[in-house]
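Everything on this sheet refers to the single structure shown next.
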Number of protein chains: 2
Amino acid sequence: MDRLSLVFAALADPTRRAILARLADGEATVNQLAEPFPISLQAVSKHLKVLEQAGLITRGRDAQWRPCRLEAAPLRDIADWADQYRRFWDERYDRLDEYLRTLQEQGPDTEEK
Amino acid sequence: MDRLSLVFAALADPTRRAILARLADGEATVNQLAEPFPISLQAVSKHLKVLEQAGLITRGRDAQWRPCRLEAAPLRDIADWADQYRRFWDERYDRLDEYLRTLQEQGPDTEEK
DNA sequence: TCTCTATTCAACCGTTCGGTTAATCAACCG
DNA sequence: CGGTTGATTAACCGAACGGTTGAATAGAGA
């Protein structure tokens with residue numbers, strides 16, 4: 001699967017987003033990360049694997065602990081991706097938006113919905 | 001499912017992101033949207049349903065056509081969400097980042113990985 | 001060594017996903 | 001009306017998902 005799809009898929013789960021939020025406060029072990037959730041440790045381990053493959057975390061090794069660290073690069077990627085569409089929500093781009101729509105609507109029907 | 005998860009899940013598919021890109025150029029019918037893809041019209045219809053339930057598109061009615069229109073609000077939402085983590089990738093926030101990590105690493109081990 | 005802790009791997013289970021084909025609905029048009 | 005076009009719905013299929021339990025691995029420590 002492509003990189004962007006992997007990241008979006010990883011973020012499409014509240015548990016995984018909560019894990020990222022926790023990691024924003026600093027590194028944490030699997031047990032620490034699992035503590036707030038009513039699911040098994042193994043389930044959390046799976047979530048971490050998904051986050052790792054999406055490049056959203058990296059895991060080190062400290063004795064028998066595997067400290068997880070947030071990696072923000074993919075988040076920048078999706079922020080940049082969404083920013084492509086900024087003109088569709090940012091009112092400062094309203095005039096440009098209007099202009100583009102007018103350009104495109106020349107043929108089928110000129111009326112606005 | 002929560003709103004944000006719906007949006008992320010909808011975006012976790014290249015076909016659906018391509019549909020959104022197409023809609024950035026203006027409204028389009030299902031057939032027009034389906035044309036570039038090597039999948040059936042029904043499959044595209046399903047994708048549109050997913051996008052609609054995520055609030056990323058709205059569909060009108062023009063005779064037997066169902067023109068689709070991009071709705072950017074959820075994209076603003078995910079951009080805002082990602083922006084929470086900006087300090088982890090934006091170099092202008094490096095000092096703050098360092099500071100926060102130092103604060104947090106007081107207990108288990110002070111060494112960096 | 002034996003044991004305890006931290007974590008992962010393996011197998012399984014029910015649900016969802018992305019696709020298919022076939023049938024149906026909706027609206028125009030002769 | 002009947003036929004055609006545009007789009008959705010229904011039923012199905014294999015793969016992936018999110019969870020489980022149980023077994024295995026890695027390292028600390030007595």
Side-chain angles (χ1 to χ4, degrees), chain A residues 1-20 22-23 26-54 56-69 107-109 111 113, chain B residues 1-20 22-23 26-54 56-69 107-109 111 113:
Chain A
M1 188 155 36
D2 62 292
R3 199 103 193 98
L4 209 47
S5 296
L6 272 179
V7 177
F8 277 126
L11 297 177
D13 184 288
T15 301
R16 287 194 289 261
R17 291 198 305 277
I19 290 174
L20 292 183
R22 165 65 186 78
L23 289 177
E27 295 193 358
T29 68
V30 179
N31 264 297
Q32 289 171 338
L33 290 173
E35 193 272 326
F37 303 108
I39 61 178
S40 71
L41 201 69
Q42 293 92 323
V44 172
S45 191
K46 279 192 184 182
H47 282 306
L48 293 175
K49 200 177 201 174
V50 173
L51 290 170
E52 188 176 29
Q53 288 185 315
L56 285 160
I57 65 170
T58 49
R59 281 187 277 189
R61 166 68 82 178
D62 178 10
Q64 66 266 60
W65 294 275
R66 303 294 310 275
C68 297
R69 181 189 210 102
D109 203 335
E111 89 176 8
K113 174 194 168 185
Chain B
M1 185 154 40
D2 64 292
R3 199 103 193 98
L4 209 48
S5 296
L6 271 180
V7 177
F8 278 127
L11 296 177
D13 184 288
T15 301
R16 288 195 287 264
R17 290 198 306 276
I19 289 175
L20 292 183
R22 166 66 185 77
L23 289 176
E27 295 192 356
T29 68
V30 179
N31 266 294
Q32 289 170 336
L33 291 172
E35 193 271 327
F37 303 108
I39 61 177
S40 72
L41 200 69
Q42 292 93 320
V44 172
S45 192
K46 280 191 184 181
H47 283 306
L48 293 176
K49 200 177 202 172
V50 173
L51 290 170
E52 188 176 28
Q53 289 184 315
L56 286 161
I57 65 169
T58 49
R59 280 187 278 189
R61 166 68 84 177
D62 179 9
Q64 67 266 58
W65 294 274
R66 304 294 310 273
C68 297
R69 181 187 210 104
D109 203 335
E111 86 176 11
K113 172 197 170 186

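Hydrogens, waters and symmetry mates are skipped; everything else that's a heavy atom, side chains included, is used. Computed from a predicted structure; not experimentally measured. Chain naming here is simple, since letters A, B, ... match the order of the sequence lines and numbering starts at 1 in each.
Counting heavy atoms from C-beta on, the side chains of Phe8(A) and Arg17(B) come closer than 4.5 Å. Here the side chains of Leu11(B) and Leu11(A) are not in contact, with every heavy-atom distance at 4.5 Å or above. The closest side-chain heavy-atom distance from Arg59(B) to Lys49(B) is below 4.5 Å. In this structure the side chain of Ile39(B) reaches within 4.5 angstrom of the side chain of His47(B), judged on heavy atoms. Asp62(A) has its side chain out of reach of Thr29(A): every pair of non-hydrogen atoms, C-beta onward, lies at least 4.5 Å apart.
If you take CD of Glu35(B) and C1' of dT5(D), they are 17 Å apart, rounded to a whole angstrom. Rounded to whole angstrom, the span from the CD atom of Glu27(B) across to the P atom of dG6(D) amounts to 17 Å. The separation between Phe37(B) atom CZ and dG18(C) atom P is 14 Å, rounded to whole Å. When rounded to the nearest whole Å, the span between CZ of Phe8(A) and C1' of dC17(C) equals 18 Å. Here dC17(D) presents its P atom at 10 Å from NZ of Lys46(A), a figure rounded to the nearest Å. Atom C1' of nucleotide dC17(C) and atom CG of Leu51(B) are separated by 14 Å, given to the nearest angstrom. Here the P atom of nucleotide dA16(D) and the CE atom of Met1(A) are 10 Å apart, to the nearest Å. In this structure, the CD1 atom of Ile19(A) is 13 Å from the P atom of dT7(C), given to the nearest Å.
The residue Ala63(A) sits close only to the backbone: its heavy atoms come under 4.0 Å of sugar-phosphate atoms, none of a base.
Proximity note for Arg61(B) (side chain, C-beta onward) versus dG6(D), dA27(C), dG18(D): the nearest is dA27(C). Considering only side-chain atoms of Ile39(B), the nucleotide from dT20(D), dT20(C), dG27(D) that sits closest is dT20(C). Minimum atom distance to the side chain of Trp65(A) is reached by dA6(C), of the listed dG18(D), dA6(C), dG18(C). Nearest to the side-chain atoms of Lys49(A) among the listed nucleotides dT20(D), dC9(C), dA11(D) stands dC9(C). Of the candidates dG27(D), dA7(D), dT7(C), dT7(C) carries the atom nearest the Thr29(A) side chain, counting heavy atoms from C-beta on. Checking dT8(C), dA7(D), dG18(D) against the side-chain heavy atoms of Asp13(A) singles out dG18(D) as nearest. In the set dA11(D), dT8(D), dT5(C), the nucleotide with an atom closest to the side chain of Gln64(A) is dT5(C). Of the candidates dT8(D), dT20(D), dG18(C), dT8(D) carries the atom nearest the Leu41(B) side chain, counting heavy atoms from C-beta on.
Under 4.0 angstrom from either OP1 or OP2 of dT7(C) there lies no side-chain N or O belonging to Arg59(A). For the pair His47(B) and dG19(C), the criterion of a side-chain N or O lying under 4.0 Å from OP1 or OP2 is met. Between Ser45(B) and the phosphate of dT8(D), there is a side-chain N or O to OP1/OP2 separation shorter than 4.0 Å. Between Asn31(B) and dA7(D) there is a side-chain polar atom (N or O) within less than 4.0 angstrom of OP1 or OP2. Between dA27(C) and Arg66(B), no contact under 4.0 Å exists linking OP1 or OP2 to a side-chain N or O.
Taking the nucleotide of DNA chain D with the nearest heavy atom to each of Pro38(A) and Leu48(B), the more 5' of the two is matched to Leu48(B).
Judged by Watson-Crick or G-U wobble contacts below 3.5 Å, the nucleotide dA22(C) has dT9(D) as its partner.
Nearest heavy atom pair, residue Ala9(A) against residue Ala12(B), reads N-CB, 3.4 Å.
Interface remark: the Gln42(A) side chain does form a donor-acceptor pair with the dG22(D) base, using a distance-only criterion of under 3.5 Å.
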